[in-house]
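Single-structure report; data block below.
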Amino acid sequence: MSHDELPVAARVRRLEERVIAAGLTTGDELDALLDELLDGASPVNGARMVARAWTDPDYREALLADANTAAGSLGFATNGYRLCAVENTPTLHNVVVCTLCSCYPVTLLGPSPGWYRSFAYRSRVVREPRAVLAEFGLRLPDEVEIVVWDASAETRYLVVPRRPEGELPEEELAARVTRKGLIGTSAV
Amino acid sequence: MTYRPGTLVRARPTDPDHHTRVPRYVRGHVGEIVERQGEWPLPDDSARGIAPPRVEAVYTVRFPARDLWGTGSHTVTVDLWESYLEEVSTDEP
Amino acid sequence: MGGQTGFGPVPTGDDGAPFQADWEARVYALSRALRRAGVFNLDELRDAIERIPPKVYLSASYYERWLIAIETILAEKGRA
């Protein structure tokens, strides 16, 4: 059986064995890298930044001016890329995509969901964002301008959704913010 | 060369046989500089193991959907390295 | 990929677990480890993904494309 015909799980196991045998990594290192992703990266982090921006005007200003520093001030590392926060308003809606691959601020949003990586999302949202957002159940009035951000270089984007109505404490606001809200495919 | 916000630029029509970060759908299209983001290594070089890679300014460039697709009222912003761009002379229609 | 047509509706419900199978997680971890070891950088990985023949690219899943790309680079560089 040729390499390509092996069931994919067996093929990955074989690759892992080869890479470890070559001294390029260890099983422990692979486990640690996965734990780092699964434990440290979460949309809860992005949600905390948004809820803080909703309740603290100084933080909002700092977030919009320099999002890496604003993330760092809450203890979130955003290494290796420039973070840019884009704010939704009553007349403007932001939505984020990476058409070339699926770049995305993993620390703040958690591992990317399947829909974000899908060919359908990557191909269509730059062309017909209104139709794509409607598939997510988000119907925007015609007068709302849509800005699509294609993360094609070294900037990763975080959408600041519109704050829900009502006087809620920061923790409750944070609990309302979803990953889709932070990418711009849903309202909060 | 530093492009200022508001400058009209064209994404160069290009189709290299290696990795690049100019999405096909903006190649040859005119957009407006929104912001100069800073300087970053050029991925066309780092993808080919060229060390050190060229380092260039990266710009946020906004394209009207109508120009890209013939339809749509939205805008698409794309982040482009300086060598991907050429200035559009103001007397061009 | 941007602007192409014909991919149908967005799988909006595919919003759950980051990995559909254990092997996908291992591919992710391998890519991180090999970058850390200096075997390739992220742009080389992206390039190798984009060099996958279109027929294979479109029929492979996301992490299958990563797997193919990693195998390709290791073969080209004669590492492991």
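Residue numbering restarts at 1 for every chain, and letters A, B, ... go by the order of the sequence lines.
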Can you say whether [X] sits under 4.5 Å from chain A via the side chain, the backbone, both, or neither, judging by heavy atoms?
{"X": "B/V58", "result": "side chain"}
{"X": "B/Y25", "result": "side chain"}
{"X": "B/T71", "result": "neither"}

Contact winner vs chain A - B/A65, B/P43, B/G72, B/P23, heavy-atom pairs under 4.5 Å: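 Sorted descending by pairs with chain A, the first entry is B/P23.
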Whether over 12 other heavy atoms sit under 6.0 Å from A/R176 CZ: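 Not buried by this count: 12 neighbours or fewer within 6.0 Å.
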CD1 on B/I33 to CD on B/E87, rounded to 0.5 Å: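 The CD1 atom of B/I33 is 8.5 Å from CD of B/E87, to the nearest 0.5 Å.
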Approximate separation, where rounding is to 0.5 Å, of A/R60 CZ and A/T55 OG1: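 Reported to 0.5 Å precision, the distance equals 12.0 Å.
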Smallest separation among heavy atoms of A/L74 and A/R52, with atom names: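 The answer is CD2-NH1, 3.4 Å.
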Toward chain B, the part of A/Y81 with a non-hydrogen atom under 4.5 Å: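 Answer is backbone: N, CA, C or O of A/Y81 sit under 4.5 Å from chain B.
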Parallel, tilted or perpendicular, as decided by the 30° and 60° cut-offs, for the rings of A/W115 and A/Y121: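 Answer is perpendicular, since the angle exceeds 60°.
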